[in-house]
Structures are given as structure tokens and as C-alpha cells.
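Encoded as C-alpha cells, the structure appears first; notes follow it.
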There are 2 protein chains.
Amino acid sequence: MSRETLLPPLAAYVMQHGLADASLRPLAKAAGTSDRMLLYHFGNKDALVAALLEYLAGMFADALDTAFPLQRAPSRRACAKTVYDITGRPEFAPFLRVWWDIVAGCSNNNAAYFDAAGGIMDVLLDWVVDHLPEGDPDPQAGARAVMTVIEGAQMLRSVGRPDVGEAGLAALEG
Amino acid sequence: MSRETLLPPLAAYVMQHGLADASLRPLAKAAGTSDRMLLYHFGNKDALVAALLEYLAGMFADALDTAFPLQRAPSRRACAKTVYDITGRPEFAPFLRVWWDIVAGCSNNNAAYFDAAGGIMDVLLDWVVDHLPEGDPDPQAGARAVMTVIEGAQMLRSVGRPDVGEAGLAALEG
DNA sequence: AGCGCTTTGTAGCACTCGCTACAAGCGTCG
DNA sequence: CGACGCTTGTAGCGAGTGCTACAAAGCGCT
């Protein structure tokens, strides 16, 4: 048993139950150990969560690449719509649940969450840049515009107002 | 002492400490009572939270109207930028902290949070409709586009990537 | 005054939380 | 073999959780 062995089942548990109320004993049970051992391997809960966040960010990046490989979108709007649709698929729901826990943690000034969130956004931003149309006049600005609309639409979908976000997606120019 | 007397100090406490880890005893202390009395007046914690969410939604609507009265924006983009700037002011930070707790709660299938979030989004949507330029060709669609970008930009600001969201705001057409 | 109702205080329940003290098992190496 | 260090189990601590049992105030009513 090591961190590397422990992280996958721990991440699976978090994806199913959310990050906010993941406590040591249930986590340990999910990974087939005891809270005692989690603390032995990670030091304390904060370090565990930090390791978990990093691992989950990697999982998210992999999942994105698997779900939507190399091809470029025909337009900014199409790129945004594609990401929106992909992340709306059931297999992405656990990621979003964790994501909103992370965002909430950021607003409560949790440094680890803040770092993780920034990293995840950077990964997603790069990913969008690489999937923008070939001839986009300003891929950096384009990716930012696309990201903003995607995230807004995802949030609105999460709170039960998908129509609002989808109208926002449709209004994206380019 | 009644619900109406209790709610303001309770809401103040939640705005300062977040909704996620607000427990009965600290809440009661903030309101000058005991956990025993909170349960007496509200029945149980879920009902307390539901009442609190409703009260906070009202506070948010009032705060919006106070911060940005009746005038209309010259463009959709300006309208979005104004809301973004207003909600970036320090006095709105507590609302956003609570807001992300609510969104996270929605992703965890908490019905009370879901209802509150939907209501708040509807209020904000109506507010945006009323502040769009006079001659907007399609205020409903416009407000939705504006909302999507605002929320995306707010989220990106909350996780430490304000530049991304602001580029998104700048790319809003109209 | 005495009754009944609403409001309040004290104390406690059973539980979970993160974390730790202590010791037993374990394989490795001298 | 024995001693050592890495890994693990058991048990528990002190604090906090939502909630409840019980009783005592305060109040208006007849």
C-alpha cells in the first residue's frame, strides 16, 4: 500500500460522494484501509486532499482527451458547445460535483483548492486553444471567451437553468 | 424572539462564515440564543437553512438594486461588465461565497439549495432584462447571453483567473 | 389564585470528526 | 539469532454535530 495504490479508490469515492463531506473513515473504508493508515501515508487530511486534487485534475484532463480527441472545431461556438455537451454527459457529472466543491472552497480562501482550481482552468484553457478552428485570428482571446461561456453555461445547468446557458452558448460569435 | 428577529443576525453570520460549515451552536451564538431555540423556532436544521436561503435571496436582490438603480446600460457588453464590477466589490464577496456553497449544494442534489439557486437566477435574469439597452432586439435572449458570460466570469474570478473571464466579457457582442 | 400555553435553560444523547499513543507484526541486515 | 526500521491494528482523546428529555419560567385567561 502506498499513495499511488490508495489514490485511485480514494478519487473514486470522492467522485461519487463529493469532496466537501469526505471524511477519513469513509475514505479509508473505500480504499480498504483505516483512517490511521491514510494519515500515516499522507501526513494529515489537508495533504491527503491536496494529493487527491492533483490526482483528480489529471483524471479530468485524461477524460477530456478521451472524450474529444485531436480534431479541431469548425468555430468558437462549436468548440464551446462541444465541451458543454461532453461535460454534460453522465460520466462527467462526478467531475462537476467535485468542481463546484473546489470553487466553493476557493471562495472560503482554501489555498489548496485555489491552486488546484487554477491549475485545472489552465489545463482546460490550453485544451480549448488546441481545439479552436485552424484560422482563429486570436486563439488566446478566443479560448478565454469560449472558456467564460462554457463555465457560465455549466453553472447555469448545474442549478437547473440549462436554457439560459445554452442561449449564452448560441450567442457566442465566431 | 421570532424567526423574523433571528434571521438577520443568522444571515450575517452565514455571509461571514459561509453556508457549508454553519452549525447550530455558532449560529445561535451569533443570534444571541441557543441551538435549542433555533430548533424550537425552525423545527430542524434543514428548515432553518431553507428559511435562511430565502432571506439571503431577498438580501441579494435588495443589494443589487441599491448598488445599481434604474438606469439602463448602453450595450449588452456594458451591462454585463457593470454587473461583474458591482459583484466584484468587497461588499458582495460574502454573497458570492454563499452562492458557490449553494451551487455546490445543487450538484449534491440538495433540493432546498436547488430551489433557492433557481429563484436567485430568475431574479437576476429579470434584473438584467430591465437593465439592457432600450433598443435591444431580443431582451430575453440578450439577458441570457449576458447572464451566461457574467456567471462564467464570476466563477473564473473566484478561482483566481480574472483575466480569462474579463476577456470573455470583452468578447460579448452588442 | 390557578390553569394552560408558549417560550426558554440545562443537560445530555449517540454520533462523527481529525488525530495520536502504544504496541504488535514485518522483513532486512549485521 | 537479535536488533532495527517500516508498516499496520487497537483504542482512545477532545471537540463538535443535530437533536431531545425534562423542567422551569413567564404570560394571559377566567
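The chains referred to below are lettered A, B, ... by the order of the sequence lines, with proteins before strands, and numbering in each begins at 1. Remember, it's a predicted structure, so these values are computed and weren't measured experimentally.
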Does any N or O in the side chain of B:Thr148 come within less than 3.5 Å of the main-chain N or O of A:Val164, such that one atom is a donor and the other an acceptor?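 Such a contact is found between B:Thr148 side chain and A:Val164 backbone.
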
Please determine if A:Asp85 and A:Arg89 form a salt bridge, counting it only when a charged side-chain N lies under 4.0 Å from a carboxylate O. no

Check this for me: does any side-chain nitrogen of one of A:Asp122 and B:Arg161 sit under 4.0 Å from a carboxylate oxygen of the other? yes

Mind calculating the distance between CG (B:Leu24) and P (D:dT20) to the nearest angstrom?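 About 11 Å, once rounded to whole Å.
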
Do B:Met155 and A:Trp100 touch side chain to side chain, with heavy atoms closer than 4.5 Å?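 Yes - at least one pair of side-chain heavy atoms lies under 4.5 Å apart.
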
Non-hydrogen side-chain atoms of B:Leu27 and B:Thr33 separated by less than 4.5 Å: no

Do the side chain of B:Arg25 and the base of D:dG18 come within less than 3.5 angstrom through a donor-acceptor pair of N or O atoms?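 Under the 3.5 Å cut-off, the side chain and the base do form a donor-acceptor pair.
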
Using a 4.0 Å cut-off on heavy atoms, which residues in residues 28-48 of chain A reach DNA chain C? List them by number, or say none. A:Asp35, A:Arg36, A:Leu39, A:Asn44, A:Lys45

